[in-house]
Amino acid sequence: MRRTVVATVLALLLVGTGCGPGRAPADAGAPTASRQDAGQVERTLASLRKVDDLPLYEMTYVGDYDPTVGVPGAAPPSPFGCSLFAALGDRDRPLFARNFDWEPNPALVLRTDPPDGYASISLVDISYLGVTADPAGDRRLLDAPLLPFDGMNERGLAVGLAADDGARAEPVPGRPTVGSVRILRLVLDSAATVDEAVTVFERYNLDFDGGPPLHYLLADATGASAVVEFVDGKLTVDRRRGPWQALTNVPAAGVPDRDLRRDHRYGVLAKELDRVGGVLDPAGALRLLDGVRQAHTRWSVTYGLRGGEVRLVTAGGGTRDYRLPMS
């Protein structure tokens, strides 16, 4: 099924863009993650198209990549101010939503379908690949799978990150070390449920050096969700206890709800999610995200964890809709 999905989407992209692979800039770096043959590289880069003035691009990755290349890896050297929530009150329509708040960098909607993993759709800030104004033909895009800032896979497992200045991850002997953004790719490729995603986190040490400490929100198609944090150096999992779960930039694991609500953005999310009993459609979720957006919000996105619907709104107000076929 996954091979068919990629072929179909790629064909649609090529028909819609009519563009070639482009010319690589003179300073284009060599990709490290790609395990593609020359034809797959050409088809991947040919699928790139600009769809919004954010600027926002779309690309379909054809072929294989190594998600662990270069381990140990470091996090991007910038803080993230973000708002995330999982609205799980309707078991037939669980939804994951987030604002990504940071600098005005170009972004990429990335479709991946690795031979030995789950197909997914994710969002990447491509400035962290060294890609700037004109990405056409830039081979550094072949490393884009390594840096998803949020995403959902074909099993309905979604994950997103946010800065948590109090987090500290102490290494566990015998575990490999990966960057704190790279872990999202390992989760999307191999986890179908929140429990499986937590197991992925438990296999690795996370490297926060060179970037902000992070914490993570997970949710899946069964209606499960959890916050993954690092408290006193140790991985801590805080599973949801009601019809919703939210995360901003304050520690959440083991923190009383009344204290969490003192954070303005968390308080706004909690009040509305309580009011609706954790039931929101994409339009309602985007209105709620708009209520906590900041001047530096780059994108707002919702993921339908059962139907595979993705709705993306960029800083300029442009809206894009996608659908990830679910398995």
Side-chain angles (χ1 to χ4, degrees), residues 52-54 56 78-90 93-105 107 109 122-123 125 149-152 158-165 212 214-219 223 225-227 229 238 240-253 255-305 307 309-322:
D52 187 275
D53 290 334
L54 183 69
L56 176 72
S78 346
F80 308 96
C82 303
S83 304
L84 307 88
F85 64 85
L88 307 167
D90 183 344
R93 294 187 305 161
L95 182 140
F96 185 97
R98 75 104 97 247
N99 281 345
F100 179 70
D101 307 337
W102 187 232
E103 293 179 344
N105 299 326
V109 178
S122 58
L123 281 154
D125 182 331
F149 288 73
D150 54 70
M152 175 180 68
V159 59
L161 56 77
D164 174 12
D165 289 340
L214 302 174
H215 55 180
Y216 309 84
L217 181 64
L218 305 162
S225 72
V227 167
E229 288 188 343
D238 186 17
R240 80 174 180 99
R241 291 172 290 277
W244 58 268
Q245 193 163 17
L247 188 68
T248 55
N249 300 110
V250 296
V255 178
D257 182 69
R258 66 180 179 277
D259 292 336
L260 286 172
R261 291 177 189 240
R262 291 173 183 163
D263 175 74
H264 170 70
R265 283 179 287 123
Y266 188 97
V268 171
L269 295 176
K271 182 178 179 180
E272 178 63 9
L273 288 164
D274 275 346
R275 187 186 73 81
V276 298
V279 178
L280 285 172
D281 61 13
L286 287 167
R287 285 193 296 271
L288 179 52
L289 289 174
D290 192 55
V292 292
R293 70 178 290 111
Q294 302 183 83
H296 56 296
T297 297
R298 301 306 298 152
W299 68 72
S300 304
V301 61
T302 65
Y303 296 99
L305 303 180
E309 308 90 353
V310 181
R311 179 164 293 177
L312 173 67
V313 178
T314 62
T319 300
R320 307 288 302 179
D321 288 305
Y322 307 89

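Partners of Val268 under the side-chain contact (heavy atoms from CB on, under 4.5 Å) rule, at least two apart in sequence or in another chain, are His264, Leu288, Val292. A search for side chain to side chain donor-acceptor pair (under 3.5 Å) contacts involving Arg298 returns nothing, not counting sequence neighbours. Residues satisfying the side chain to side chain donor-acceptor pair (under 3.5 Å) criterion with Asp125, sequence neighbours excluded, are Asn105, Ser127. Under the salt bridge (Lys or Arg N to Asp or Glu O under 4.0 Å) criterion, Asp238 pairs with Arg241, sequence neighbours left out. With sequence neighbours left out, Arg262 forms a salt bridge (Lys or Arg N to Asp or Glu O under 4.0 Å) with Asp259. With sequence neighbours left out, the side-chain contact (heavy atoms from CB on, under 4.5 Å) criterion links Pro243 to no other residue. Judged as a side-chain contact (heavy atoms from CB on, under 4.5 Å), and not counting sequence neighbours, the contacts of Asp53 are Lys50. Listed by chain and number, the residues in a ring pair (Phe, Tyr, Trp, His ring centres under 6.0 Å) with Tyr266 amount to none (sequence neighbours excluded).
Put simply, the residue from Glu309, Met152, Arg311 that forms a side-chain contact (heavy atoms from CB on, under 4.5 Å) with Tyr303 is Met152.
Distance alone, capped at 3.5 Å, places no donor-acceptor pair between the His215 side chain and the Asn249 backbone. Although no hydrogens or angles enter the test, the distance criterion places a donor-acceptor pair under 3.5 Å between the side chain of Arg98 and the main chain of Phe149.
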Problem - Trace of the side chain to side chain contact (heavy atoms under 4.5 Å, CB included) decision for Asp150 with Val159 - result: CA-CA 6 Å; Asp150 54 70; Val159 59; over 6 Å; no

Run the side-chain donor-acceptor check on residues 82-90: report pairs under 3.5 Å with partners two or more places apart or on a different chain.
| from | atom 1 | to | atom 2 | distance (Å) |
| --- | --- | --- | --- | --- |
| Ser83 | OG | Arg265 | NH1 | 2.9 |
| Asp90 | OD1 | Asp92 | N | 2.9 |
| Asp90 | OD2 | Arg93 | NE | 3.0 |

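Legend: ring-ring contact (aromatic ring centres under 6.0 Å, His included) pairs involving residues 270-299, not counting sequence neighbours, sorted by first then second residue: Phe100-Trp299. The stretch residues 279-293 participates, sequence neighbours left out, in no side chain to side chain donor-acceptor pair (under 3.5 Å) pair at all.
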